[in-house]
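Note that ligands are numbered from 1 as they come in the structure, with each ligand's atoms numbered from 1 the same way. These numbers were taken from a predicted model, which means no experiment stands behind them. Below, all heavy atoms of this structure are taken into account, side chains as well, without hydrogens, waters or symmetry copies.
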Amino acid sequence: MSENLSRRNALMVMGFGAASLACPVRMANVSAANPKRPNILYIMSDDHAAHAIGAYGSRLAKVAPTPNIDRLATEGILLENVFCTNSVCTPSRATILTGQYSQKNGVLDLGGHLEPENQHLPRLINQAGYTTAMIGKWHLKREPATFDYYNVLPGQGSYFNPILREKGKPAVGWAGKPWPNNEKRFAAYDSKHSSDVITDISLRWLQKRDKSRPFFLMHHFKAPHDNFENAERHDWLFENMDIPEPESLWKLPNYGSQATKGMGTSVSPRNKRRNMGMHMNVDQNLPYKEYTHQAYQRYLKKYLRCVKGVDENIGRLLDYLEKEGILDDTVIMYTSDQGMMLGEHDYIDKRWMYEESLRMPFLVRYPKMIKAGSRSDEIINNVDFAPTILELAGAATPGYMQGRSFVPILRGKTPADWPKATYYRYWMHMAHHDNPAHFGVRTKDYKLIFFYGRNYKPGGPKPTRPGWELYNLKKDPHEMSNLYDDPKYAMVVRELKAELKRLREKFGETDQKYPHIRKIIDEYWEK
Ligand code: CA
């Protein structure tokens, strides 16, 4: 059902007559003509780790600079501690669109979907008088009907010759069929790399948009998600150089626990079922060290070539805004749906609560509010994105959202009662990349993770051994040493467990539907 139709039905139910249906959509709670409200350009890529952005200053910053993304940092703010509530595509996107944790919005894993009536952020910002568009990777399986315009990839979409579905256009050969996520129902669009195509579409929409209203554009790249395919013009990038390797690719002195030893897909040949050397066609007969080195180099080069295409296309978007004369009237945000393990701890993919997967890049440029070159290390969660975007649009956060606006942090003034900890949960026990299910809490100084190791649905992968891990992030930012059993940290563990319990209760993350998980939590809480 389209958004207009559902609103019409809602109005009918509420007893509005046919006369009021002539303009059913803009029942704005804020004046649509308010000229002071900024445009909001929300740019999100897929699996782009913060440490693969120059401005974050990691080992990759020098070899793989990202000048256009870095410009957002030098002319705006870089947020150092933004974390996702669930480090995998569909749930992270659902949290961003709803302002809710997974147990509240019901999107726990990649099988989840978001019905139009639950697409709260675009609906509310549209009601506040914005013209809205969703362009690129959507991955929430139901029609993005709440947007004025959409043009989206089916599921993951293709890197080359992507096909997309555009709002209002009949799908070739499937006219009249419902929306669901079936590639055959999408019309062919273009013949170039997806990052270029998605930007072409956004630029076209920006040119043709309703300029009487501020805009909210969600511009979502597919890149640099696997299987990594870069634009042809980047084929030779990094050709004659070695990408720096993380120390933890080789050395793991006291990392992990009984719950995680040997788990997770690897760069090296450690995981015999799935490792990056297999994906990158490395000679399976090479000795361990050479195999790992080659797998890592091929992995990072392909990934960083995709990042280069993202960065260039962000440059195109900035150029357009500058030419139209609206660069400073537009809040420009850049983020990714979660991070990515780029060989740290010999891991590939995301899902883990470890830093490189948990952290989302987040940069914002809006000179009318944000001081150039500022940074903040306040703890922010992606559940906070929708309330923040709504506040920027002059709209209130509804009571059913669980996040909080960080506009004060963007202004450089952290409220005294700003949260000191964030909650994380990964549900997909041993799916795809062999990660045991877990949850945990992270503060500025510490991270405590409980691997409960159970599938939430009956059946599925077998349970794995539960276990706790504690990392001292100030002394050990790369999480090389699990301190959970160190008696010196007993008090820290006690305090973090209390905070973890409090956050789970506060956000309704108490597993009421999953007694078999609650049982394991109860049994192992004090172990
Ligand atoms: Ca993703």
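- Using a 4.5 Å heavy-atom cutoff, the side chains of R425 and Q103 are in contact.
- Residue H225: no N/O/S atom is found under 3.0 Å from the Ca ion (ligand 1).
- As for D337, its N/O/S atom nearest the Ca ion (ligand 1) is the one called OD2.
- A donor and an acceptor atom, one from each side chain of N68 and R71, are nowhere located under 3.5 Å apart.
- With Q402 contributing its side chain and T98 its backbone, the two residues share no donor-acceptor pair below 3.5 Å.
- Contact annotation: S92 places no N, O or S atom under 3.0 Å from the Ca ion (ligand 1).
- Residues passing the ring-ring contact (aromatic ring centres under 6.0 Å, His included) test with Y291, sequence neighbours excluded: none.
- Distances from the Ca ion (ligand 1) to the N/O/S atoms of D47 are shortest for OD1.
- Shortest distance from the Ca ion (ligand 1) to D46 is reached at OD1 (N/O/S atoms only).
- Vertex the Ca ion (ligand 1), arms ending at OE1 of Q338 and SG of C89: the angle is 110° after rounding to 10 degrees.
- T95 and N382 form no side-chain donor-acceptor contact under 3.5 Å, judged by distance and modelled atom types alone.
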